[in-house]
Each structure stands twice: as structure tokens, then as C-alpha cells.
Amino acid sequence: MSDPVRVRFAPSPTGLLHIGGARTAIYNWAFARSQGGTFVLRIDDTDRERSTDENTASILQAMRWLGLDWDEGPDAGGDVGPYFQTQRGDLYTHALELLKDKGQAYPCFCSAEELDARRQAAMASATFSGYDRTCRSVSREQADARIMAGEPHVWRVRVPENRGDVVIDDVIRGEVTWPAESMDDFILVRTDATPTYMFATVVDDWKMGITHIIRGDDHLSNTPRQIAVYEALGAPVPLFAHMGLIFGADGKRLSKRHGATSVVAYAEQGYLSEALLNYLALLGWSIDDATTVFDRERLVSEFDLTRVSKTPAVWDPEKLDWMNGVYIRAMSPSQLVDAMTPWLEAENLASAEDIQARRPWFDALAPLISERVKRMDEIVPMVRFLFDESVEIDEASRSKVLEKDGAGSALDAAAEGFAALEDFDAEHIEATLRAVPEATGVKAKIAFQAVRVAVTGTMVSPPLFESLELLGKQASLARIAAARPLASD
RNA sequence: GGCCCGUUCGUCUAGCGGCCUAGGACACCGCCCUCUCAAGGCGGAGGCACGGGUUCGAACCCCGUACGGGCUACCA
């Protein structure tokens, strides 16, 4: 048996939960769950300028919405906390002390300006552009004296001279090698004594016992530097898994230019969390050659880190829409009514109490719309005619339907037939309408569309007979009467 | 400039040397169904970046080239 799996997701609360971050979280979560491991959530809030509590709260909420639960982290606790980097200052201080004692870190007094100049020169001409290790040769005594004198300095890692090429066996990409000469004595602790990202994450991942680091391949090039820190610390090096990023249609990294990029934005647009989870999981991973739709349980039972794609994936809103439609159609009428309740409430079409009181009516409405919408926000416009007092008939519908010859006669015949109905249900309504063409000589298409426009206000609506039933006899007749003056005979 | 990674239909992908006449899904096109719109059914078009090897045999292995991406920060 191998060691118990411990993975983490470590978002920075400098913004909302991004869909790229969400996918990273999903893969970490699915891997932990599939391995019976532990999923840790850590908030990397070292960027104090841009990090906010609101963002943290929103990220946690978005993760819960997606159904991603964490075993350790904010609100969950755990033995290796705190789970906010800003509260872990002591750990970084101790780690640096450890490195100093071992001679694995040294102070560097080079100014940022000097470094800049040297880097420019190196990049223009030669090969390697990393730090030239000037301050490595400063003796311990000299260094101590300069520090005592208050000279500004950073702390750099001392990469061993005899360190050979760095090789990792990436779970997703296989063996990756970096030449020893490319190893840089990069900065661990800044002039202001705060740790750099490179140092803080390694200390955290080490102290938190993380066994697998699953992240975007934008971090692949950072890996050898982080390995240098693990080795300096004498810490076990975890396994790495670098996945391809998510791009926009233009092949560039996904950003605001490409539309909504946050999970909450998708929730607000009416995407179901199950659908977004499924779509995101499938963007860079697959079960087999045929499975596209799968639920959370299947994701966990089938998840295989080695099957995650190396290739960047292009975000495809159309496929997301299709998949969301699949999930909407898969809901029972009752489930759909529950899901659409907040949307109806938000637009003041009905309150939750109304809906409960007239549950059978809403349950009957659900199937009429479920196969006609891809997003929840499309429901209100589609059913509004059932809730408003009256409808406004748009110009196109009037000219293209009501002004057709015979439209008026059809409305008259329909009204007459409806008025005579005792049971105003879809079946009788259909029979009545189907009799109209014969009685009036008006084409069925024209007759049906005339009634549709009169009752719904538009040429496109849910199925007519059922819609009329749900509207009720009185309202239906009133709308036909109201539209009649607009219609040609 | 240096180092690293990647490249299968428009898009997401299956493929891990013979099962490939390259499979599935979205999108697209056509037909069917049909009270509009959908949903659904059936069918179609569409791809191994390029060039060299290796092999009896290559989408799969190797080497180049091209293109794309990442890192090269006292950002994360």
C-alpha cells in the first residue's frame, strides 16, 4: 500500500473562483475521493493588496455550489492549519532558520536595479539569465556584519554545485528533465522579510503533507525551483501532475475578453452545477471513447489522473449549453419546479408560497419548457405570458400572422369553440382547434399561429394546447378578444 | 536570447505498433417527426501540423522543422 493521498487546492482570493481554477479543484477533489485520500483547501492570500475576505467567501461558496467538499481548510479545520497563508508566517520564518542553519540559504545584498541590469545584459548576449550568484561568495562573517549594519537583503536558496539535472516523473506528462545549469539561486524571502510564493507554497505543501501536486502546466517550469527548496529543506518531494490549461477560442489563456470566467457568473446565467461540473471535468479528461455525460459519483469512481490531457483545451460555450440542456431535461417535473422557483421569484412572477399552493399547475408546466431551454434564465421569458395580466403583441407577429387573410375568422371560430367547452383541457382544446380549418376554410398553420400570437403574444411559444389549458378558459378568451381587432378577416 | 512543454475533425476527445477504411460528443448540413420553437430519430461532410528515419507494418517509437504555450520577477 502506498501512503495515503493528500492533495490541495490553493486559490488566491484576489478574485472570484475562475473556471480554470474550478477545474483544477475538481481534479484534485476527484483524485482525493477516488483514492480515499484527503482534500485540503488552503487560501493563498499573501497578496495583501488584492486579497479580500469577500473573495474568499465567494470562492468557498462557489466550491460548495459545485459540490466540492474539503476535508481540511477554512470552516473545516484540520491538524496542519492554519489554512490561510497570512496566518502561517511563523512556519516560513522557521523554515528559513532551518535553511540558514544548514547553510542552504544565503543573504543577497544585490539591489533590484543591479540585478535588472545584469539580467538585461545576460538576455541580450549569453545563455542563462538567472541570478549570477554574486553574493554566494560573501563570507558568513561579512554577511552577518552587513545584516547587523542594517543593509537591505533578501535570502536566496543555495542550489548545490553538485546538483545534477533535475528529473521528475510527472503523472500526466511522464519524465521531464531540466539541465543542472538552469538552476537558479532564486529568492526565498524578500527584503521586507515576507516569503515569495515559491518558498511559501513549498513550505506549506511540505508541512501539510501534500503527496500529489495537481496543477496547471503554467507551473511546470516552476517545478525544478520548488524541488530545490524541498531538497534544501530535507523534505520529501511530492508527485507532480501538470495538466493543460483552458484557452479561449483565439488560443489565448481564458480571460474576461472571452466572456464570463467565474463560476458564480455561470451560476447566475442559469447553468446547473452538475452540468458545469460535468463539462469542466470533461475538458481535459475522459472516461473512454464514448462517455460524455456522467454524474459526480461516476466522476469519482472513474477518475484517473494519468488520463488527464497534456493539451490545452479550448472553452466551448456551445457544448456547455448543450450539456446544461441535457441536465435540465433529465430533471423530473418536480425537480425542475424546485430549480426554477428562485428564477420565478426573482422576476416576481410567483413566490415560493404561490408555487407550493399551486404545485400541480407548476408540475404540469415543467415538461412544456424543459426540452426548450438550455439555461434556467431562459425560463422566465418563455413562461411570462402565463403570469401577466395581458400580453403585448409584437409588430412582427402582428404583420406576419394576424394580418394573414382568415386569421380573424379563425380567432372567432376558436373563441366560439372554446366558449362552448366544459372541460378546458389540452385534449378538448386540440379537438376544437383542429376543427377550425374545416369550419372556416382557413389553413391550419394560419389558424394555429393566430391563436398562438393572440394568447402568448409571440410566434414562438411552448406547446399551444397545453399552454391554453394552463392559462385557463377565461384568460384565453379574453386574449383572443383583445387580439381580434388587430386581425384581418 | 536561454530552458521546458505541447500539436488527432471548427471544438472537446478515443487511440498507447497491426483491432484505424482513425471511434464518440458539441457545432454544421440534409431527411424524418411536428401546432410554433425545441427535443428526438436517421444520414452526411469534416482530422492524425510538416519532413525525415526505425519497422514486415506507424496517429502511436526516434530526429529535425514549423506553429502554439509556459518559465526566465523582491507576481502568484
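Residue numbers begin at 1 in each chain, while the letters A, B, ... track the order of the sequences. Just so it is clear, the model here is predicted, and its values are computed rather than measured.
- Considering only the side chain of A/A290, B/rG24 comes nearest among B/rG24, B/rC3, B/rC71.
- Nucleic acid contact for A/V176: sugar-phosphate only, since backbone atoms but no base atoms lie under 4.0 Å from a heavy atom of the residue.
- Across B/rA14 and B/rC56, the matching P atoms stand 31 Å from one another, rounded to whole Å.
- Taking only side-chain nitrogens and oxygens, A/R119 never comes nearer than 4.0 Å to OP1 or OP2 of B/rU72.
- The residue among A/D116 and A/W285 whose nearest nucleotide of RNA chain B is located toward the 5' end is A/W285.
- Here the side chain of A/T311 is nearest to one of B/rC35, B/rU7, B/rG10, namely B/rU7.
- Atom NZ of A/K319 is separated from atom P of B/rC9 by 14 Å (rounded to the nearest Å).
- Annotation: B/rG43 and B/rA38 have their P atoms spaced 22 Å apart (nearest Å).
- Between A/K252 and B/rG69, a side-chain N or O to OP1/OP2 separation shorter than 4.0 Å is present.
- In this structure, the nucleotide among B/rA14, B/rC74, B/rC35 sitting nearest to the side chain of A/R307 is B/rA14.
- When all heavy atoms of A/V7 and A/N28 are compared, the closest pair comes out as CG2-O, 3.3 Å.
- In this structure, a donor-acceptor pair under 3.5 Å is present between the side chains of A/D288 and A/T291.
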Do A/R42 and A/D205 pass the side chain to side chain contact (heavy atoms under 4.5 Å, CB included) test, and can you show the C-alpha distance, the side-chain angles, and the key distance before you say yes or no? CA-CA 10 Å; A/R42 182 178 74 225; A/D205 289 335; 2.9 Å; yes
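- Atom C1' of B/rG70 sits at a distance of 23 Å from the matching atom of B/rU11, rounded to the whole Å.
- Between the side chains of A/H242 and A/R215, at least one donor N or O sits under 3.5 Å from an acceptor N or O.
- In this structure, B/rA66 forms a base pair with B/rU7, meeting either the Watson-Crick or the G-U wobble geometry with both donor-acceptor distances under 3.5 Å.
- At the heavy-atom level, A/M382 lies nowhere under 4.0 Å from the strands shown.
- Using a 4.0 Å cut-off between charged nitrogen and carboxylate oxygen, A/D204 and A/K207 do not count as a salt-bridge pair.
- Counting to the nearest Å, the C1' atom of B/rC4 and the CH2 atom of A/W178 are 7 Å from each other.
- Across all strands shown, A/C108 has no heavy atoms under 4.0 Å from either base or sugar-phosphate atoms.
- At a threshold of 4.0 angstrom between heavy atoms, the contacts of A/Y279 with the nucleic acid are absent.
- Atom CG of A/L368 is separated from atom C1' of B/rC35 by 13 Å (rounded to the nearest Å).
- Here B/rU72 presents its P atom at 15 Å from CG of A/D185, a figure rounded to the nearest Å.
- Contacts of A/T177 with the nucleic acid, taken as non-hydrogen atoms under 4.0 Å apart, involve only primed sugar atoms and P, OP1 or OP2.
- Side-chain contact check for A/D47 and A/Y197: no donor-acceptor pair (N or O, by modelled atom type) lies under 3.5 Å.
- No salt bridge links A/D250 with A/K252; every basic N to acidic carboxylate O contact stays at or beyond 4.0 Å.
- Figure legend. B/rC61 is base-paired to B/rG53; pairs are counted as Watson-Crick or G-U wobble with both atom distances under 3.5 Å.
- If you check B/rC4, B/rU13, B/rC12 against the side chain of A/S309, the one that comes closest is B/rU13.
- In the model, A/D45 has a side-chain atom that pairs as donor or acceptor with a side-chain atom of A/T86 under 3.5 Å.
- Shown here, B/rA45 forms no base pair; nothing in the strands shown gives a Watson-Crick or G-U wobble contact with both key distances under 3.5 Å.
- In the set B/rC4, B/rG24, B/rA27, B/rA27 carries the atom at the smallest distance from any side-chain atom of A/E318.
- Across all strands, A/T191 comes closer than 4.0 Å to base atoms (heavy-atom distances).
- Between A/S286 and B/rA14 there is a side-chain N or O to OP1 or OP2 distance below 4.0 Å.
- Base pairing annotation: B/rC37 forms no Watson-Crick or G-U wobble pair, as no partner gives both donor-acceptor distances under 3.5 Å.
- Between A/F303 and A/Y27, the ring planes lie tilted relative to each other; the angle falls in the 30° to 60° range.
- Taking the C1' atom of each, B/rU65 and B/rA25 are spaced 34 Å apart, rounded to whole Å.
- The residue A/N222 sits close to a base: some heavy atom pair falls under 4.0 Å.
- Taking atom C1' in both B/rU34 and B/rG46, the straight-line distance is 30 Å, to the nearest Å.
- Heavy atoms of A/G244 sit nowhere under 4.0 angstrom from any nucleic acid atom.
- Rounded to whole Å, the P atom of B/rC9 lies 14 Å from the corresponding atom of B/rC60.
- Among the atoms of the strands shown, none is found under 4.0 Å from any heavy atom of A/H242.
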If a protein heavy atom is under 4.0 Å from the base, mark B; if only from the sugar-phosphate, S; if neither, -; do that for nucleotides 36-46 of chain B going 5' to 3'. BBBSS------
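- Between A/L471 atom CG and B/rC35 atom P the separation is 21 Å, expressed in whole Å.
- Annotation: B/rC29 and B/rG68 have their P atoms spaced 31 Å apart (nearest Å).
- Figure legend: cation-pi geometry between A/R253 and A/F247 absent, as NZ or CZ is not positioned both under 6.0 Å from the six-membered ring centre and within 45° of its axis.
- With a 3.5 Å ceiling on both atom-pair distances, the Watson-Crick or G-U wobble partner of B/rG1 is B/rU72.
- Taking atom CG of residue A/L282 and atom P of nucleotide B/rU11, one finds them 16 Å apart after rounding to whole Å.
- Between A/R253 atom CZ and B/rA76 atom P the separation is 15 Å, expressed in whole Å.
- B/rC16 is unpaired under the criterion used here, namely a Watson-Crick or G-U wobble arrangement in which both key atom distances are under 3.5 Å.
- Atom C1' of B/rA27 sits at a distance of 28 Å from the matching atom of B/rC50, rounded to the whole Å.
- Between the side chains of A/N55 and A/S58, no donor N or O sits under 3.5 Å from an acceptor N or O.
- In this structure, CZ of A/F199 is placed 13 Å from P of B/rA76, rounded to the nearest angstrom.
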